[in-house]
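So the structure is just underneath, and the comments pick up after that.
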Amino acid sequence: MTETKPPRQGGGMPGLASDPWRSHPARILRITPEVPGVRTYDLEFSEPRVRESYRFEAGQFNMLYLPGVGEAAISISSDAATPAVLAHTVRAVGNVTDALARLAVGDEVLLRGPFGRPWPVAELRGRHVIVVGGGLGLASQRTAIEELARHRGQYASVTILHGAKTPDGLFYTVQYDAWRAAGIDIKPIVDEGDASWSGKVGLVTDLFAELRIDPAAAGVLCCGPDPMMAAVARAAAGIGIAGGDVFVSLERNMACAVRHCGLCQFGPHFVCQDGTVFAYDTIARYLAVPHL
Ligand SMILES: Cc1cc2nc3c(=O)[nH]c(=O)nc-3n(C[C@H](O)[C@H](O)[C@H](O)COP(=O)(O)OP(=O)(O)OC[C@H]3O[C@@H](n4cnc5c(N)ncnc54)[C@H](O)[C@@H]3O)c2cc1C
């Protein structure tokens with residue numbers, strides 16, 4: 001079993017780590033429509049000191065704040081090697097995300113972070129890495145994928161199993177070519193095809209049968225809806241990958257992100273700081289509890 005990293009208390013940026021409650025203004029540099037209802041916002045901190053010192057790791061998130069509207073946890077989805085510009089891929093579903101969708105290039109938002117335990121990307125060196133993203137889940141994994149692509153030679157293999165309900169739910173597909181060129185195998189699949197779709201139809205878990213890997217030397221990075229992550233862990237177990245080598249990222253409503261408010265309590269864990277990435281066998285029994 002591969003150990004996950006210790007919890008983060010507010011991230012790598014000195015200013016934010018010492019005061020994780022303090023938000024900093026960031027300007028919208030670019031807005032990229034991904035799929036219907038989902039946009040990627042490229043943001044740059046307005047204060048040079050913050051811009052120059054902010055660092056994050058794959059799988060971490062920021063709290064994005066719109067004054068008078070509210071605050072929401074959003075994964076950082078850009079390459080950690082270029083931390084001066086931060087991407088956040090957001091689906092408009094409620095107060096903050098709908099208000100964000102009404103903003104334009106040049107407008108400002110407020111950010112605090114980074115928070116959370118990152119994906120164990122470096123710890124999986126030498127192994128077969130399987131990235132399983134369902135729906136918006138891939139947003140929290142794009143940073144890890146960029147890192148895996150950059151250091152592809154250090155891994156036995158890297159495979160992305162990318163699932164969505166329908167073809168128009170698959171985003172980041174414009175990056176498939178670059179990821180494939182780096183030596184990553186990408187297997188997209190949709191629950192329901194349409195006239196435009198000539199790819200696979202089924203569940204992302206169906207793709208485990210196609211993997212030609214040594215399960216004892218594999219690691220799975222999975223993010224998606226809870227039932228999908230449980231099904232992925234079962235599919236991984238089905239081909240011999242241990243639960244301790246399956247890492248899942250839990251998204252739970254959270255308010256403080258610093259282990260204080262208790263909103264994201266998950267059994268004995270607090271998702272904001274003990275996660276969001278957990279080894280599956282440490283949280284499986286709580287994932288099975290309805291509405292937890
Ligand atoms: C660690 C972490 C990372 C995340 N990363 C991302 C990410 O990268 N991208 C992303 O898009 N999201 C992400 N999320 C999810 C995001 O934080 C939530 O969707 C958040 O609630 C959005 O805030 P909001 O104010 O826009 O929505 P809210 O207003 O809080 O609404 C949230 C949900 O409640 C429902 N709702 C809202 N109002 C009502 C109502 N009156 N009656 C019934 N239902 C209602 C909405 O339909 C929606 O499903 C992440 C969450 C976590 C914890």
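Both counts, for ligands and for their atoms, begin at 1 and track the order of listing. This one's a predicted model, so the numbers in the text were calculated from it and none came from an experiment.
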Handout entry: atom 45 (C) of ligand 1 touched by protein heavy atom at under 4.0 Å
Key = no
Completion exercise
For atom 11 (O) of ligand 1, the closest protein heavy atom turns out to be Arg91 N, 2.8 Å
Handout entry: Nearest non-hydrogen protein atom, atom 12 (N) of ligand 1
Key = Ile74 CD1, 3.7 Å
Problem - Any donor-acceptor N/O pair, Gln141 side chain to Leu221 backbone, under 3.5 Å - result: yes
Problem - Distance, nearest 0.5 Å, that separates OG of Ser249 from CE of Met229 - result: 7.0 Å
Practice task
Examine Leu136 against ligand 1 and note whether any of their N/O atoms are separated by less than 3.5 Å.
Solution key: no
Practice task
List the closest protein heavy-atom neighbour of atom 53 (C) of ligand 1: residue, atom name, distance to the nearest 0.1 Å.
Solution key: Arg252 O, 3.0 Å
Practice task
Test Glu210 against Lys187 for salt bridge (Lys or Arg N to Asp or Glu O under 4.0 Å), laying out the working first.
Solution key: CA-CA 10 Å; Glu210 296 180 12; Lys187 298 178 187 295; 3.4 Å; yes
Fill in the blank from the handout: Honestly, for Thr89 the part within reach of ligand 1 (heavy atoms, under 4.0 Å) is backbone
Handout entry: Polar contact flag for Ala73 and ligand 1 (N/O pairs, less than 3.5 Å)
Key = yes
Handout entry: Met254 contact mode with ligand 1 (heavy-atom cut-off under 4.0 Å)
Key = side chain
Completion exercise
Counting from 1 in the order shown, the ligand 1 atoms closer than 4.0 Å to a non-hydrogen atom of Thr97 are 22 (C), 24 (P), 26 (O)
Exercise for the section: Decide yes or no on salt bridge (Lys or Arg N to Asp or Glu O under 4.0 Å) for Asp206 and Lys200, but give the supporting numbers first. Expected result: CA-CA 10 Å; Asp206 299 345; Lys200 291 205 162 71; over 6 Å; no
Problem - Numbered atoms and elements of ligand 1 in range of Gly94, under 4.0 angstrom, heavy atoms - result: 24 (P), 26 (O), 27 (O), 28 (P), 29 (O), 31 (O)
Exercise for the section: Kindly say whether the aromatic ring centers of Phe278 and Phe247 come within a distance under 6.0 Å. Expected result: no
Exercise for the section: Look at the aromatic rings of Tyr54 and Phe45 and report parallel, tilted or perpendicular, splitting at 30° and 60°. Expected result: tilted
Problem - Lys/Arg-Asp/Glu bridge criterion (N-O < 4.0 Å) met for Asp214, Arg127 - result: no
Practice task
Look at Arg112 together with Glu71 and state whether they make a salt bridge at an N to O cut-off of under 4.0 Å.
Solution key: yes
Problem - Aromatic Tyr172 / basic Arg142 pairing, under 6.0 angstrom, 45° off normal - result: yes
Practice task
Return the residue, atom name and 0.1 Å-rounded distance of the protein heavy atom closest to atom 8 (O) of ligand 1.
Solution key: Ser75 N, 3.2 Å
Exercise for the section: May I ask you to identify the nearest protein heavy atom to atom 25 (O) of ligand 1, giving residue, atom name and distance to one decimal place in Å? Expected result: Val96 N, 2.8 Å
Exercise for the section: May I ask you to identify the nearest protein heavy atom to atom 23 (O) of ligand 1, giving residue, atom name and distance to one decimal place in Å? Expected result: Ala72 CB, 3.5 Å
Problem - atom 21 (O) of ligand 1: the protein heavy-atom neighbour that sits closest, reported with distance to 0.1 Å - result: Asn253 OD1, 4.2 Å
Problem - Best match, Val90, Val93, Asn95: closest heavy atom to atom 47 (O) of ligand 1 - result: Val93
Problem - Proximity of Thr276 to ligand 1 by residue part, where a heavy atom lies under 4.0 Å - result: side chain
Practice task
Evaluate whether atom CG of Asp194 has more than 12 neighbouring non-hydrogen atoms of other residues, nucleotides or ligands under 6.0 angstrom away.
Solution key: yes
